[in-house]
Amino acid sequence: MTTNAKDKISKNDFKKTILADYRLAAEVRECGSQGRRDVLSGKGTFGIFGDGKELAQIALAKVFRHGDFRAGYYRDQALMTALGQYSPKHMFSALYADPELEREPSSGSRQMMNHFGTRFLNDDGSWRNLMEQNNSTSDMACLASQFPRLVGLAQASQVYRDNPELAKNKPGFTNGGNEIAFATIGNSSCAEGHFWEAVNAIGVLQVPAIISIWDDGYGISVANDVQMTKSDVSAVLSGFQRDSKGAGFDIIKVNAWDYPALIEVYEKAEKLAREKHIPSIIHVVEMTQPTGHSTSGSHERYKSKERMQWEKDFDCNLKFREWIVESGIATKEEIATIDKEVVDFVKVQKKEAWSEFQAPIKEELKEVISIFNAISAQVNIPEIADWIKDLNQSATFGLFRRNFMSKARILLGMIVNENIPEKATLRNFINRINSENYERYNTKLYNETATSALKVEQVKPTYDSDSEEVDGRIILRDNFHHMFDAIPEAMIFGEDVGKIGGVNQGVEGLQDKFGEIRVADTGIREATIIGQGIGLSLRGLKPIAEMQYLDYVIYGFQPMVDDIASLHYRTHGGQITPLIIRTRGHRLEGIWHSGSPMGMLLNGIRGMYLCVPRDMTRAAGFYNTLMQSNDPAMVIECLNGYRIKEKLPTNIGEFRIPLGKVETTRDGSDITLVSYGSTWRIVMDATEKLERAGVSCEVIDIQTLVPFDLSHDIVESVKKTNRLLVIDEDVPGGGTAYILQKIVEEQDAYNYLDSEPQTLAAKAHRPPYGADGDYFTKPSSEDVFEKVYAIMHEANPVKFPPLY
Ligand SMILES: Cc1ncc(C[n+]2csc(CCOP(=O)(O)OP(=O)(O)O)c2C)c(N)n1
């Protein structure tokens, strides 16, 4: 070991430290081998392990400090164990899919094994002190998806260092901006766009990230020559190296089996990042994958004999062992003793994890079998005996609740006509198990704590009798100025947001007043604009990430769908991103400036809120509400609304529009018209003409698609009108299908309808450019008129004769 690294460890502790590191490496390796056997024997369904990657991760852990953040992936078992956040027992609990959070703290087994995450939130939804713990943002199986958020995790340190006043008031979120964001990624995942986008953004921002690339030569079966130009990611990355021409990264290549070199490399990277905020990329090469990618296949199929032999010879644990013995730190016998102790320790941990997982299920099995027996004594159902036999047999190998629940539910159907008391016992048992498992598997999609946006009190916009009529964008702009004055954590960034104040001037003058960090232009990189927001929001800031147009949200959709929307659910309420995504959409001009893909959004981002304000007052009100909460949300402003006049409220910056509350904007008695966003104006316009034709319309603005009409006001309107038309400008069966499902099925409007509930949407293709392109593809006021009239004609052809 080099003197530098040696000096770090006192002589007395030196041997102890090295052997503890060896023990940890051996433990992770043994977990892989015993875990693999468990999958083969059927106790777990899928195994993916950290073997072959141990040494580099142990070196990394030595420079990871409380208050640092990890954005990594499923190989980081040694790192997580070294950080004290994981154990063999945790791994086995996860492998068995034990749903109890205390035994599988990353996700309560909502995720596959070895997808790590620590808790950022207390049970009441308040933030923990993140500076007193090692923080691991929740992993995803989607490769490279940890990279967008890395940008924000690292940038937060810069924000806090740049603003000591703010940092002083956020002790749970920063130690003066000294925190490092550590990322890990496999070599093949570096072929993903997210990786390059994030590396570029971090290089531009110069924020303290340390990126480790675990290079074992393959991505499942596909080798580096197919994955990467020159088969070498750091060679390709070399243009990002900082030099006399400008800032960039420190890029270092190091062998995965070279313990002293690894320690030195991480120490250097840490110093650069922590003290100077200079990012590093550490390309760890010559890694191995001793048992193949996962339990789903064997690597003999794609690795040559020579490669297999090389992997044996250059196994990092073997090399570490050789180095320990050759340097006289310990004897072969001492190492052998550790190896043996590790095997025994992992066995015990595994056994404990299994029995703790099975114990409550076995108790429930006993209960259900006694109910089955009691029913069998009353009713002749020959299958019951076989079921009991099968269930008892399963119990000796491993039991899932579904094994007995499926039988119990079948049985209830079989005895539905029997008049025996055991029927109620069975029904109660099923209900109880269902409700307990609802808690285990179906909760926490949304934050229901006191920090929820749904708990924010409404404050109505107020007006003077002489309130000015201004362009909609002025309301937004003035509202942002008030917001940034009042909330020091508020930030906004995106394309053209800084210098020119946004393409629609909604943040005009904001950068001049609040500086280039809080109000920032970004590169054109939607996925990492979203990711930047995710990372910043996980670190106690209140970011607004701007997508310039709704149509380009698709570039940033992956982190929205996979990361933001699932985060609270997949961490069992352990993490949340209070991020607001601001965009503008619906109709304007042209295929990519007129989209309104609500169905796509609705299907992808359950777990986030979706606000679709009809004007800028309502948009501002939603921002004000969301800023008071911890919930992630998207607000879609109307592209064609910035120059439409609205009354300027007197309480700008203060008023808050509630989420999930519809607004009836016109009273009527013949039909309920439900809409939102830009089509709301068109609908209102049509109702004037319909009135003249003798049709009285009630118009409801949905305001937020998610949550949807929490107090079920729409059905109250349908009870009165008995007719329903839903209008938007998505494809047919897009947003309108969702809205109909909510009203007809969830609100039970079916029972109050005298006419078929209908929808009016745009055409199924993209909207063409120009005024006529809009007119002939998107719902116009005339389209609304004719559709409503047709419904009335069908109901009363005498009063409403055909139009055509
Ligand atoms: C976006 C995405 N594409 C494909 C997969 C399926 N997949 C899982 S792991 C893997 C290979 C990853 O290789 P690498 O990045 O080198 O990491 P390693 O597993 O070797 O550590 C693939 C293709 C995935 N999980 N996510």
Side-chain angles (χ1 to χ4, degrees), residues 21-37 39-40 46-60 73-79 81 91 114 143 184-191 212-228 230-235 253-262 265 282-326 332 335-336 338-339 342-343 346:
D21 286 350
Y22 179 77
R23 183 181 293 274
L24 197 148
E27 196 179 287
V28 170
R29 187 64 60 91
E30 182 60 23
C31 279
S33 106
Q34 292 196 33
R36 185 163 267 271
R37 268 178 264 148
V39 174
L40 295 178
F46 176 73
I48 192 151
F49 306 100
D51 42 3
K53 317 282 186 288
E54 293 91 344
L55 223 48
Q57 295 181 18
I58 289 168
L60 191 169
Y73 80 119
Y74 52 78
R75 293 285 177 218
D76 293 344
Q77 191 175 344
L79 170 60
T81 312
M91 190 209 82
N114 281 357
L143 298 169
T184 65
I185 186 165
N187 51 293
S188 304
S189 304
C190 295
S212 298
I213 302 167
W214 308 143
D215 192 343
D216 59 15
Y218 290 84
I220 309 187
S221 65
V222 181
N224 270 344
D225 58 339
V226 176
Q227 304 283 1
M228 193 59 58
K230 302 181 185 177
S231 302
D232 183 343
V233 63
S234 55
K253 202 181 237 183
V254 60
N255 288 327
W257 44 264
D258 189 344
Y259 179 79
L262 284 162
V265 161
I282 300 175
H283 184 193
V284 185
V285 293
E286 303 209 356
M287 268 191 162
T288 65
Q289 192 102 274
T291 52
H293 173 77
S294 69
T295 51
S296 302
S298 87
H299 56 155
E300 288 83 1
R301 286 186 301 163
Y302 51 83
K303 286 181 189 162
S304 66
K305 274 206 182 77
E306 293 71 34
R307 171 77 195 186
M308 298 289 280
Q309 189 53 50
W310 179 86
E311 291 207 10
K312 280 202 176 87
D313 297 342
F314 282 81
D315 181 312
C316 65
N317 286 13
L318 173 73
K319 285 275 186 197
F320 190 26
R321 198 180 312 151
E322 287 172 1
W323 175 79
I324 294 171
V325 174
E326 277 163 21
K332 273 187 182 161
I335 296 282
I338 293 175
D339 285 340
V342 160
V343 173
V346 171

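Values below: every heavy atom of this structure, side chains too, minus hydrogens, waters and symmetry copies.
- The shortest heavy-atom contact between D339 and A26 is OD1-CB, 4.0 Å.
- A pairwise comparison of heavy atoms in A78 and Q57 identifies N-OE1, 3.1 Å as the closest pair.
- Taking 4.5 Å as the limit, every side-chain heavy atom of N114 sits out of range of all side-chain heavy atoms of Y73.
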Checklist entry - Does the pair V284 and I213 meet the rule for a side-chain contact (heavy atoms from CB on, under 4.5 Å), with working shown? => result CA-CA 6 Å; V284 185; I213 302 167; over 6 Å; no
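- Proximity of F49 to H293: side-chain heavy atoms (C-beta onward) are nowhere separated by under 4.5 Å.
- Here the side chains of V285 and V254 are not in contact, with every heavy-atom distance at 4.5 Å or above.
- Contact check for N317 versus W257: no side-chain heavy atoms found under the 4.5 Å cut-off.
- Scanning all heavy atoms of the two residues, the minimum distance from A256 to C316 falls at O-CB, 3.4 Å.
- Electrostatic pairing of E311 and R307 counts as a salt bridge here, judged by a charged N lying under 4.0 Å from a carboxylate O.
- Within the structure, every pair that satisfies the salt bridge (charged side-chain N to carboxylate O under 4.0 Å, His left out) test and touches residues 313-326, not counting sequence neighbours, is listed here: R29-D315.
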Checklist entry - Between S189 and N187, does a side-chain hydrogen bond (donor to acceptor under 3.5 Å, both in side chains) hold up when you go through it step by step? => result CA-CA 6 Å; S189 304; N187 51 293; over 6 Å; no
Item to check | Residues D216, K53; criterion salt bridge (Lys or Arg N to Asp or Glu O under 4.0 Å); working and verdict | outcome: CA-CA 9 Å; D216 59 15; K53 317 282 186 288; 2.9 Å; yes
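- Put simply, the side chain of S188 gets close to the backbone of Y218: a donor and an acceptor are under 3.5 Å apart.
- In this structure the side chain of V28 reaches within 4.5 angstrom of the side chain of T81, judged on heavy atoms.
- The aromatic rings of Y22 and F320 sit tilted, their planes meeting at an angle between 30° and 60°.
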Checklist entry - Could you walk me through whether R75 and I48 pass the side-chain contact (heavy atoms from CB on, under 4.5 Å) check? => result CA-CA 8 Å; R75 293 285 177 218; I48 192 151; 3.5 Å; yes
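- Within the 4.5 Å cutoff, no side-chain heavy atoms of T295 are placed close to those of L40.
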Next on the checklist: Let's go through E54 and Q77 carefully: what are the C-alpha distance in whole Å and the side-chain angles of both, what is the deciding distance for side-chain contact (heavy atoms from CB on, under 4.5 Å) to 0.1 Å, and is it a yes or a no?
Outcome noted: CA-CA 8 Å; E54 293 91 344; Q77 191 175 344; over 6 Å; no
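- Of all heavy-atom pairs between A191 and M228, the closest is N-CE, 3.8 Å.
- Residue pairs that meet the salt bridge (charged side-chain N to carboxylate O under 4.0 Å, His left out) test with at least one member in residues 282-302, sequence neighbours left out, do not exist here.
- Shortest non-hydrogen contact noted between D215 and H283 is OD2-NE2, 2.8 Å.
- Listed by chain and number, the residues in a salt bridge (charged side-chain N to carboxylate O under 4.0 Å, His left out) with D258 amount to none (sequence neighbours excluded).
- By the 4.5 Å heavy-atom criterion applied to side chains, T184 and W214 are counted as neighbours.
- The distance from the CD1 atom of I335 to the CD1 atom of I324 is 4.0 Å, given to the nearest 0.5 Å.
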Next on the checklist: For a side-chain hydrogen bond (donor to acceptor under 3.5 Å, both in side chains) check, start with the C-alpha distance between S231 and D225, then their side-chain angles and the critical distance, and finish with the verdict.
Outcome noted: CA-CA 5 Å; S231 302; D225 58 339; 5.4 Å; no
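- Between S212 and L60, the shortest heavy-atom distance links the atoms OG-CD1, 3.6 Å.
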Item to check | Pair T291-D51, side-chain hydrogen bond (donor to acceptor under 3.5 Å, both in side chains): steps then yes or no | outcome: CA-CA 8 Å; T291 52; D51 42 3; 2.6 Å; yes
Next on the checklist: Quick one, I185 with C190, criterion side-chain contact (heavy atoms from CB on, under 4.5 Å). Give me CA distance, side-chain angles, the key distance, then yes/no.
Outcome noted: CA-CA 7 Å; I185 186 165; C190 295; 3.8 Å; yes
